[in-house]
Each structure stands twice: as C-alpha cells, then as structure tokens.
Amino acid sequence: MDSPTTYAPPADEAARIRARVDSLHLPGIIDVHTHFMPQRVLDKVWAYFDSAGPLIGRPWPIAYRTSEEERLATLRSFGVRAFPSLNYPHKPGMAAWLNAWSGDFADDHPDVLRSATFYPEPGAADEVRSAIASGTQLFKVHVQVGDYDMADPLLEDVWTVLEEAGTPVITHAGNGPAPGTFTGPQAVRRLLARHPELTLVIAHMGMPDYGEFLDICAEHPRVHLDTTMAFTAFTEEATPFPTDRLDDLRALGDRVLFGSDFPNIPYPYLEAVDAVIGLGLGDEWARAVLHDNAARLLRL
C-alpha cells in the first residue's frame, strides 16, 4: 500500500505570510475555518482524503500532516491570532463528546475559538443551549458529511435557539466538492425562510454555486461567506469563481471571512492568503476579510 501523500510547504512560508500581514497593517489573521480533532477522528478524516473518497473525487495530498502541537505552532508562526477546532458528527451520539473535547481544547489554548456542533437527534437543542452557556463562540454543521436535512424536525428547536442567541454557524451546505443528499442553495433558502435571523457563515463561499450564495448573502443581512479553499489554483481548476460577480463580492466585503481548512489543504497556507489578496479588491477589503470582519462578528 502506498504511503499517504503530503504536500511540503515552502521553508520560508511563515515569514512570507507575516510579510503580507505587516503590509496590510494587521495585528494578525483570524481564520474561522480550521480543524483540530480527537486523534482517532482526525486519522479517519485523513484516511478518507488519502483514498480520494466519493465526497472528494480527486487526489488530495494533505499539506500539514503533523502532530497537534506542531500544527498549533505552525498557525501561530503564520500570525494567525484566533482559530477554531470545528468538529462535526456524522452519526447520532457524537456531538456531545465532540463538544466536550472542543471545549477542553479551547480551554487549554487561549487563541482557540470555542466551537461546538450538533446533529438531528433527541436532546440536540439542550446540547446547543449548554454549549452556548459554556461560552461557545461559533458552531459547525457539515450537511454533506452528516447527510441530514436541515429541515429535520429534530433540528427545529436548535435553529430557534441559535437564531435567538445570534451565535454564528459555519455551515457546509454547498454542493462542493461533491453534492450531498441535502446540500445546495435551495436547502439554505428553505432554512432561512423559517429562521431568517440565523447568523450563518456559508463555508467555501458555497462552491460551486457561488452566485446563488452571493445572492442569499445579499438578501439576508446576517448571512456571511467564508473563503475556505475558494480562489486558490486547486479550486479554480475545477470550480472557478465567476469573474462577473467580483463587484458583488466587493460590495459584500463586510460579510466575507477568511477560512483555510487547515491542516487538510492540498497546498500551502500561503496560497490561501494570497488567493484573497490576489483578487485585487483593495487593501481595505483584504484587511476586512483576513481579520476585521471576524473580529467584529466574534466580538474579539
């Protein structure tokens, strides 16, 4: 069996990223989409990427396949000042212990944003209330991996709690990198029709349906987009961002947040940063995306 493929980032990557941060006069980067997981969960995630599983569909060499402490040190060396663990369940009975792990991880590392998750199962709303009471700053849902309908009756009270609390929810509900049973912009529209005050952060800019998710964002003032994997050469090869929507992206610049998917990206972190800056939408726009919007939304 072949050994897992890992992409080796450039040796001077940290210095180059910090140079970008300094040139924009930022105190650092806030990355709203990183993953730190219990090791046995992360091992399964990495194995799935290594196999180019059906939800991925292409070779995916992981750039930062290192120990937990090394990964923390790597982000800090880049000047990333805040980042979450973003665990998510794929079956009932996982959310509570993932939330306990994520809470302990945030307690142990002051620069880690406290995150939590949920799944359509009895008691989900109580679990979400408890997470909010414990100081959770954002939630993560992965409709594609979890393979559940956001309209599941077991989630109705969850959405009500989140709507009232205003806690952001990083939401992977787009059809990329492969459609799921319950993914797509219409699923998000149906959710917002019932809960219009939800604070959603649409992961991956909603790729490949960028335009429809830009429209959703424009129509709903509490909906945001994260840049995770968008605009990079790896993604542009398969699902390019429509250049005729760049003006709309600029106009929504106060609701676009930087995300990377670290450590599970098949290219250097530098490319994610440069992909945002390289859009040419101006230094003010880049500053807002790389830091200021998340700082405001998460009250950092």
Side-chain angles (χ1 to χ4, degrees), residues 30-38 41 81-143 145-146 148-173 182 187-188 190-203 217 220-226 228 255 257-259 292-300:
I30 300 174
D31 188 337
V32 300
H33 199 134
T34 63
H35 295 288
F36 286 85
M37 300 174 170
V41 176
R81 62 175 291 245
F83 51 93
S85 55
L86 293 194
N87 281 284
Y88 49 88
H90 64 272
K91 61 182 180 181
M94 289 184 69
W97 73 266
L98 286 174
N99 290 345
W101 188 95
S102 295
D104 290 343
F105 188 72
D107 289 343
D108 290 341
H109 305 286
D111 48 356
V112 172
L113 300 165
R114 193 178 187 94
S115 66
T117 188
F118 52 87
Y119 193 84
E121 57 188 327
D126 289 337
E127 179 67 26
V128 167
R129 288 189 190 96
S130 177
I132 292 170
S134 71
T136 291
Q137 294 161 282
L138 71 167
F139 284 82
K140 164 71 173 183
V141 297
H142 204 312
V143 177
V145 170
Y148 57 79
D149 190 344
M150 291 186 291
D152 190 305
L154 289 167
L155 290 179
E156 198 58 28
D157 287 347
V158 169
W159 299 123
T160 298
V161 170
L162 289 168
E163 190 173 28
E164 292 173 353
T167 309
V169 186
I170 305 283
T171 308
H172 187 141
F182 302 106
V188 175
R190 287 192 292 270
L191 174 63
L192 289 168
R194 299 192 314 279
H195 299 281
E197 297 302 312
L198 278 169
T199 303
L200 301 184
V201 180
I202 304 299
C217 188
H220 295 272
R222 299 190 67 83
V223 173
H224 301 67
L225 305 166
D226 85 30
T228 305
R255 282 188 283 135
L257 314 175
F258 178 73
D292 296 348
N293 292 341
R296 182 181 64 253
L297 179 65
L298 299 170
R299 299 184 177 91
L300 301 182

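The aromatic rings of His142 and His172 sit parallel, their planes meeting at an angle under 30°, below the 60° perpendicular limit. Aromatic ring pairs are classed by plane angle as parallel below 30°, tilted from 30° to 60° and perpendicular above 60°; the pair Tyr119 and Tyr148 is perpendicular.
Arg129 is not listed as a side-chain neighbour of Ile132, based on a closest heavy-atom distance of 4.5 Å or more. Proximity of Leu200 to Leu191: side-chain heavy atoms (C-beta onward) are separated by under 4.5 Å at one or more points. Under the 4.5 Å side-chain criterion, counting only non-hydrogen atoms from C-beta, Met37 is not in contact with Leu98. Put simply, the side chain of Glu156 reaches to within 4.5 Å of the side chain of Arg194, judged on heavy atoms. Side-chain contact between Leu297 and Thr199: present, with at least one pair of heavy atoms (C-beta onward) separated by less than 4.5 Å.
The ring-ring contact (aromatic ring centres under 6.0 Å, His included) search around His109 returns Phe105, not counting sequence neighbours. Residues that satisfy the side-chain contact (heavy atoms from CB on, under 4.5 Å) test with Asp157, not counting sequence neighbours, are Ala125.
Contact detail for Val128 and Leu162: the closest heavy-atom pair is CG1-CD2, 3.9 Å. Taking both residues in full, the closest heavy atoms of Phe182 and Val143 are given as O-CG1, 3.6 Å, listed atom of the first, atom of the second, then distance. Pairing each heavy atom of Leu154 with each of Asp152, the nearest pair is N-OD1, 2.8 Å. Nearest heavy-atom pair across Ala294 and Leu257 is N-CD2, 3.6 Å.
No donor-acceptor distance shorter than 3.5 angstrom exists from the side chain of His33 to the backbone of Asp31, with no hydrogens or angles considered. The backbone N or O of Glu163 lies less than 3.5 Å from no partner atom in the side chain of Glu197, so there is not a single donor-acceptor pair. The closest donor-acceptor contact from the side chain of Thr117 to the backbone of Ala95 lies at 3.5 Å or more, if one exists at all. A distance-only check finds a donor-acceptor pair linking the side chain of Thr34 to the backbone of Pro84 [under 3.5 Å]. Here the side chain of His224 pairs no donor or acceptor atom with the backbone of Arg255 at under 3.5 angstrom.
From Leu113, atom CG reaches atom CG of Leu298 across 6.0 Å, with rounding to the nearest 0.5 Å. If you take CG on Leu198 and OG1 on Thr171, they are separated by 8.0 Å, rounding to the nearest 0.5 Å. Taken from CG in Leu86 to CG in Leu138, the straight-line distance is 5.5 Å, to the nearest 0.5 Å.
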Could you please spell out the steps behind the side-chain contact (heavy atoms from CB on, under 4.5 Å) verdict for Val112 and Phe83?
-> CA-CA 5 Å; Val112 172; Phe83 51 93; 3.6 Å; yes
For side-chain contact (heavy atoms from CB on, under 4.5 Å), just list the numbers for Glu127 and Glu121, CA-CA rounded to whole Å, side-chain angles, deciding distance to a tenth of an Å, and then say yes or no.
-> CA-CA 10 Å; Glu127 179 67 26; Glu121 57 188 327; over 6 Å; no
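A distance below 6.0 Å separates the ring centres of Phe118 and Trp159.
If you run side-chain hydrogen bond (donor to acceptor under 3.5 Å, both in side chains) between Ser102 and each of Asp107, Asn87, Thr136, only Asn87 comes through.
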